[in-house]
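One structure is given here, and the rest of the page talks about it.
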Amino acid sequence: MPAIKFDPELCAGCETVDCLMKCQYIEFAGISDAKAEKSKINAGEESRVLYECLTCYACQEYCRFGNNPFYLLVELQEKKGILPAPKPIVEEQLRMMSPKGRITPQKVRSPVVDMCAFPMLTGCVRGKLFEGASVISGNDIFCNIMWLHFAKNSVIRDRIPKIMDNIISFYLKDSKIDEIVCFHDECYGAYTSTAEAFGIQVPFKPVHLFDYINRRLDEIREKIKPVNEKIAYQRPCSNRLSPETDKILDEIFTKIGADRVPRKYDRENALCCGGVPRAQQRDELADQLVEKNIRDMVSTGAKYCVFNCPFCMATLGQEVAEHGLMPVLVSDLVLIALGE
Amino acid sequence: MNDFIRQLADITGPEFVSSESEERYIYSMDQGTMSPAEPDAVVMPGNTEEVRRIMLCANVHKVPVVPMGGGLVLSGLTRALRGGIILDMKRMNHILQVNPKSRYAVVEGGTSEGMLQAYLKKHHPELKHSMPDAPPVATLAGNMCIHGSGHLSVLGGFHSDMLTGMEVVLPTGDIVRTGSCSVSADWFARAPLPDLSGLFLGWSGTTGVVTRLGIRLFPSYAHNDMLIFVCEDADLMPDIISRLTGTQVAEDMTPWMAPKPDWARGFLHINISYGAHSKKELTFKRNLIQASVKKYTDQKIAGFLPLPPPEKSRFLKIPSPDLVKFADIRKGGGFEYVGAIMAIEHFAKAYSAGLEIARTYNVSYSMGARIIGAGHAMMFFYAYAFNRADQEDVKRAQHALEATNAAALEIGGIPWKAELPAQKQIIGKMDLNTFNLMNKIRSMLDPNQIMNPGNWEK
Ligand SMILES: Cc1cc2nc3c(=O)[nH]c(=O)nc-3n(C[C@H](O)[C@H](O)[C@H](O)COP(=O)(O)OP(=O)(O)OC[C@H]3O[C@@H](n4cnc5c(N)ncnc54)[C@H](O)[C@@H]3O)c2cc1C
Ligand code: SF4
Ligand code: SF4
């Protein structure tokens with residue numbers, strides 16, 4: 001089992017310890033305190049961070065050296081048996097999301113859109129934006145990256161190769177296609193950042209949804225009717241694994257006339273939607289996060305709250321709507337701009 | 001008999017009496033495993049006076065009378081075991097009064113759960129009653145008569161505890177009232193009088209026909225939420241239930257254990273519903289519930305499922321659609337659902353007995369419970385689906401049921417809405433003086449033994 005790619009020397013020479021100093025959920029007395037905790041983690045020792053971590057993925061982005069602090073932290077949580085959520089919650093979800101062996105061969109054509117374990121959202125793949133697209137989905141191709149929230153790197157290591165094999169053998173191989181469009185940040189993160197850090201070979205080319213939409217919008221430029229509205233963006237945790245794609249989202253918003261309002265809790269400072277802390281039985285913290293996040297959104301006068309993560313939308317959508325913002329997925333907002 | 005049926009037709013009008021074979025066939029059974037028993041006729045009275053005249057007539061002719069509401073009890077209690085007539089109460093479905101300040105309603109004896117629910121939603125949205133999960137055509141009287149339970153049972157106990165009084169037609173044709181309505185114009189409570197309502201509760205329609213009843217109503221909240229608590233150890237359940245109910249915040253608590261879907265097998269869940277007038281109050285109540293079991297969540301051995309709001313909507317439906325869905329799992333329309341009322345400390349034993357029985361008889365099962373009051377008791381249920389067209393399947397379910405009732409009694413519980421064999425099992429364990437008193441009361445109220453005969457007999 002290859003270890004997580006990580007260089008202790010980088011940490012030793014790191015003066016900012018951004019991974020922990022920028023953490024929004026754990027307090028540190030100062031850089032030396034953060035450094036001490038980070039050293040303990042690097043040495044495989046007990047650290048309060050292992051218990052207090054909200055598993056927001058953000059330190060993956062905060063580390064400018066790509067030194068995989070979050071993956072390493074999760075690895076140690078698992079090794080030490082520190083469960084962020086109660087055991088039955090983890091076990092039940094492990095079973096719920098396990099590959100079911102119900103996948104059947106399907107002829108596909110480009111673009112192949114991977115909807116992961118969200119078959120209920122396949123209706124989002126429609127119109128000019130996704131013209132001619134094939135959609136694949138189901139537990140047998142579930143990217144499994146959610147286990148980062150539950151100290152289960154082992155499950156990721158075990159299941160990712162199998163599901164990639166499913167994608168190749170049931171869909172791509174016979175159709176002679178080597179590329180999939182990842183509808184969710186989770187999948188893209190799994191096949192790029194996580195696979196790279198875990199030493200897993202990826203047998204196809206993952207394309208981020210934002211890359212796909214951005215290119216497609218250039219092809220159908222003449223169809224765009226700018227929405228000319230302010231939007232508040234809820235950046236999901238899994239986008240921390242591919243932060244470079246956030247700039248592409250800006251290009252998309254510019255093209256469709258959506259004004260991504262600057263707000264406190266966007267970009268690097270994005271807040272967790274509140275779903276994961278509830279699994280950790282920290283509902284009161286989740287309430288606080290939801291409250292300050294929505295207050296921040298409302299203060300901008302945005303009309304839409306835009307999500308790219310279906311789970312964030314399920315968690316926050318109702319609350320956002322009650323506060324007068326319309327919850328919508330990125331792809332649906334683009335469809336609105338295309339008049340569909 | 002023909003003469004008797006003609007007399008019935010004179011009372012209700014001919015359109016509400018039938019001795020046609022189709023009707024007799026349909027009324028001969030329910031969805032459960034008990035074998036059919038055909039009535040000679042079916043009659044649908046329209047008011048108390050018609051019920052009184054029917055009872056007088058039946059008493060003279062010594063014709064058995066089986067009162068029936070929705071006929072959904074599933075344990076065959078509305079079968080005409082000795083022939084006679086089925087007194088189908090569904091026409092007597094008027095909501096007579098709602099008292100919003102003292103929070104009670106007075107309804108006729110054939111009023112369905114669904115009707116009262118819809119009526120309150122429309123005319124008194126600030127009020128609700130405790131709905132069972134039975135199909136909404138089930139009647140309030142039928143449910144009271146079997147000590148049913150439902151969505152407000154943690155708050156208000158058994159549905160029979162929510163009864164404020166009754167009007168009953170006795171087998172002799174006398175019309176009696178129990179509770180405050182026997183003294184006052186108001187139907188507010190059974191206290192402080194000698195509690196005669198008990199003469200008609202739990203008797204499976206063997207003592208009289210309920211023509212009116214008063215039922216407690218409760219605040220209907222603008223904000224409603226639910227939590228699902230999960231653990232893996234049945235031995236912990238009594239303490240967990242006791243802690244959760246100790247907050248006095250939940251309206252309903254229903255543990256459930258099912259082998260399907262696969263992910264649920266082996267886990268013990270508790271659905272906990274609660275409501276509030278404001279979001280702030282709702283959050284406060286949630287925090288109380290969560291704090292009550294912190295001992296277990298801190299140890300990470302049990303916890304609340306993180307359900308986003310859209311996933312909760314299914315669990316907030318009243319009545320819950322889940323048991324009905326399970327009922328059709330084997331197709332063929334067979335479904336039996338036995339409950340046993342017992343103390344919560346027997347949870348683990350009841351659960352393992354159910355698993356053992358399902359294994360032995362190879363039946364599709366779903367197990368669960370409804371908690372009554374602040375952990376004062378529970379209705380632990382075992383539901384078995386079977387294909388009515390497959391006799392082997394029916395037999396298997398029947399054997400499983402018998403074994404379940406025996407196990408429930410052995411544990412210290414008492415089979416609920418007991419079907420005939422289970423009644424005999426209960427009587428076998430019952431204090432002899434108690435049973436003798438039951439018989440004395442019965443022969444006093446029903447000298448000709450016309451009320452649902454065959455039930456509660458040795
Ligand atoms: C899917 C499903 C879910 C269920 N869930 C629940 C639940 O959550 N809680 C619960 O309590 N039950 C439940 N039940 C059981 C049952 O359906 C209900 O208790 C129902 O309310 C019984 O009412 P009924 O009108 O169908 O009674 P019936 O079956 O018609 O009668 C029940 C008994 O009462 C007597 N009776 C009926 N009406 C009168 C009357 N007017 N006067 C005198 N005696 C009368 C009958 O003779 C019989 O002995 C469920 C059943 C099903 C099929
Ligand atoms: S993980 Fe990155 S940010 Fe954190 S101490 Fe190491 S090098 Fe610095
Ligand atoms: S994952 Fe988030 S909460 Fe955990 S240490 Fe990293 S930044 Fe902090």
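The chains referred to below are lettered A, B, ... by the order of the sequence lines, with proteins before strands, and numbering in each begins at 1.
Salt bridge annotation for B:R286-A:E284: absent, with no cationic side-chain nitrogen under 4.0 angstrom from a carboxylate oxygen. Salt bridge absent: A:E92 and B:R265 never bring a charged side-chain N and a carboxylate O closer than 4.0 Å.
When the shell of 6.0 Å around NZ of A:K100 is examined, it contains more than 12 heavy atoms from other residues, nucleotides or ligands. Atom CD of A:E322 is surrounded by more than 12 heavy atoms from other residues, nucleotides or ligands within 6.0 Å. Environment of NZ in A:K264: sparse, with no more than 12 heavy atoms of neighbouring residues, nucleotides or ligands closer than 6.0 Å.
Smallest separation of non-hydrogen atoms from A:A314 and B:P310: O-CD, 3.2 Å. The two atoms that bring B:G303 and A:P86 nearest to each other are CA-CG, 3.8 Å, heavy atoms only.
There is no contact between A:A286 and chain B, counting heavy-atom distances below 4.5 Å. With a threshold of 4.5 angstrom between heavy atoms, B:K294 does not approach chain A through any atom at all. For chain A, the nearby parts of B:L305 are the backbone and the side chain; heavy atoms of each come within less than 4.5 Å. A:P84 touches chain B through its backbone: at least one of N, CA, C or O sits under 4.5 Å from a heavy atom, while the side chain does not. At a 4.5 Å heavy-atom cutoff, A:Q280 makes no contact with chain B through either its backbone or its side chain.
Counting only distance, with no hydrogens or angles, the side chain of B:K300 and the backbone of A:L83 share a donor-acceptor pair below 3.5 Å. A donor-acceptor contact shorter than 3.5 Å links the side chain of A:Q281 to the backbone of B:F304. In terms of modelled atom types and a separation under 3.5 Å, the side chain of A:R95 and the main chain of B:D262 share a donor-acceptor contact.
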query = After noting the C-alpha distance and the side-chain angles of A:E319 and B:K279, does the key distance pass the side-chain contact (heavy atoms from CB on, under 4.5 Å) rule?
reply = CA-CA 11 Å; A:E319 196 80 25; B:K279 276 206 153 179; 3.3 Å; yes

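Residues of residues 324-334 of chain A never come closer than 4.5 Å to chain B when only heavy atoms are counted.
To the nearest 0.5 Å, atoms CD1 (B:I289) and CG (A:D283) are separated by 11.0 Å. Within the model, atoms CZ of B:F267 and CD1 of A:I89 stand 9.0 Å from one another, a figure rounded to the nearest 0.5 Å.
The side-chain heavy atoms of A:Q93 and B:P306, taken from C-beta on, include a pair separated by under 4.5 Å.
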